[in-house]
Q: 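Pasting a structure below so you can have a look.
For this chain, numbers begin at 1 and follow the sequence in order.
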Amino acid sequence: MSKRSTTKTYDDSPPIKQSDIDSGKLVLRQRKQGKLVPNKQRINIYLDQAIIAYFKDKAGERGYQTLINDSLREAMQRSSIEATIRQTIKEELRGRKRALS
């Protein structure tokens, strides 16, 4: 004999449209009644207490995990931009060395 779930389902909700997401009417980051969050993966990670305290302090009502996620995304983008700039400078320097030869 299996138990029936008493959790409310959202099958009666209207379908989600891209325009709802683009307009900001829908926030996909929130977890609803045990449903998975699109484009996110649950992980367990151990962080220093000082790091958690810092992000909780800085986040306020926004949510410290979201702030940590955004900070990691910014670090990835900075790394990518830095690599692109370094590559461009190397190519420019090679071009000048060839021109001077």
Side-chain angles (χ1 to χ4, degrees):
M1 181 181 244
S2 65
K3 277 184 156 181
R4 281 192 69 96
S5 174
T6 57
T7 306
K8 180 182 172 188
T9 63
Y10 293 92
D11 294 337
D12 300 333
S13 302
I16 298 169
K17 299 178 204 155
Q18 185 63 40
S19 60
D20 294 333
I21 297 169
D22 295 338
S23 69
K25 291 179 185 175
L26 179 67
V27 178
L28 293 178
R29 292 183 299 223
Q30 294 178 346
R31 188 175 174 90
K32 298 281 185 179
Q33 297 289 329
K35 290 187 177 188
L36 296 177
V37 180
N39 299 321
K40 300 238 177 167
Q41 180 178 352
R42 177 180 286 271
I43 64 163
N44 292 327
I45 185 172
Y46 291 94
L47 300 172
D48 295 339
Q49 290 178 347
I51 292 172
I52 294 170
Y54 169 81
F55 279 101
K56 280 185 175 181
D57 237 20
K58 191 173 178 184
E61 295 193 18
R62 183 174 176 201
Y64 76 98
Q65 291 178 346
T66 299
L67 189 58
I68 292 171
N69 191 61
D70 292 346
S71 297
L72 291 171
R73 183 177 292 110
E74 285 177 23
M76 281 179 13
Q77 290 170 345
R78 266 195 311 268
S79 175
S80 175
I81 290 170
E82 182 180 325
T84 302
I85 291 171
R86 286 179 187 275
Q87 183 63 33
T88 303
I89 291 170
K90 285 179 185 177
E91 290 171 5
E92 289 291 322
L93 290 174
R94 278 189 214 127
R96 287 193 178 182
K97 285 181 182 177
R98 286 184 198 134
L100 295 174
S101 307

Q: Measuring from atom CD1 of I85 to atom NZ of K90, what distance do you get when rounded to the nearest 0.5 angstrom?
A: 13.0 Å

Q: Taking L67's backbone N and O only, do any of them form a donor-acceptor pair with S71's side chain (distance below 3.5 Å, no angle check)?
A: yes

Q: Where do R86 and E82 land on the salt bridge (Lys or Arg N to Asp or Glu O under 4.0 Å) test, with the steps shown first?
A: CA-CA 6 Å; R86 286 179 187 275; E82 182 180 325; 3.0 Å; yes

Q: When the side chains of residues 48-59 are checked against the rest of the protein, which donor-acceptor pairs come out under 3.5 Å, sequence neighbours left out?
A:
from: Y54; atom 1: OH; to: K58; atom 2: NZ; distance (Å): 3.4

Q: Any sub-3.5 Å donor-acceptor pair from S80's side-chain atoms to M76's backbone N or O?
A: no

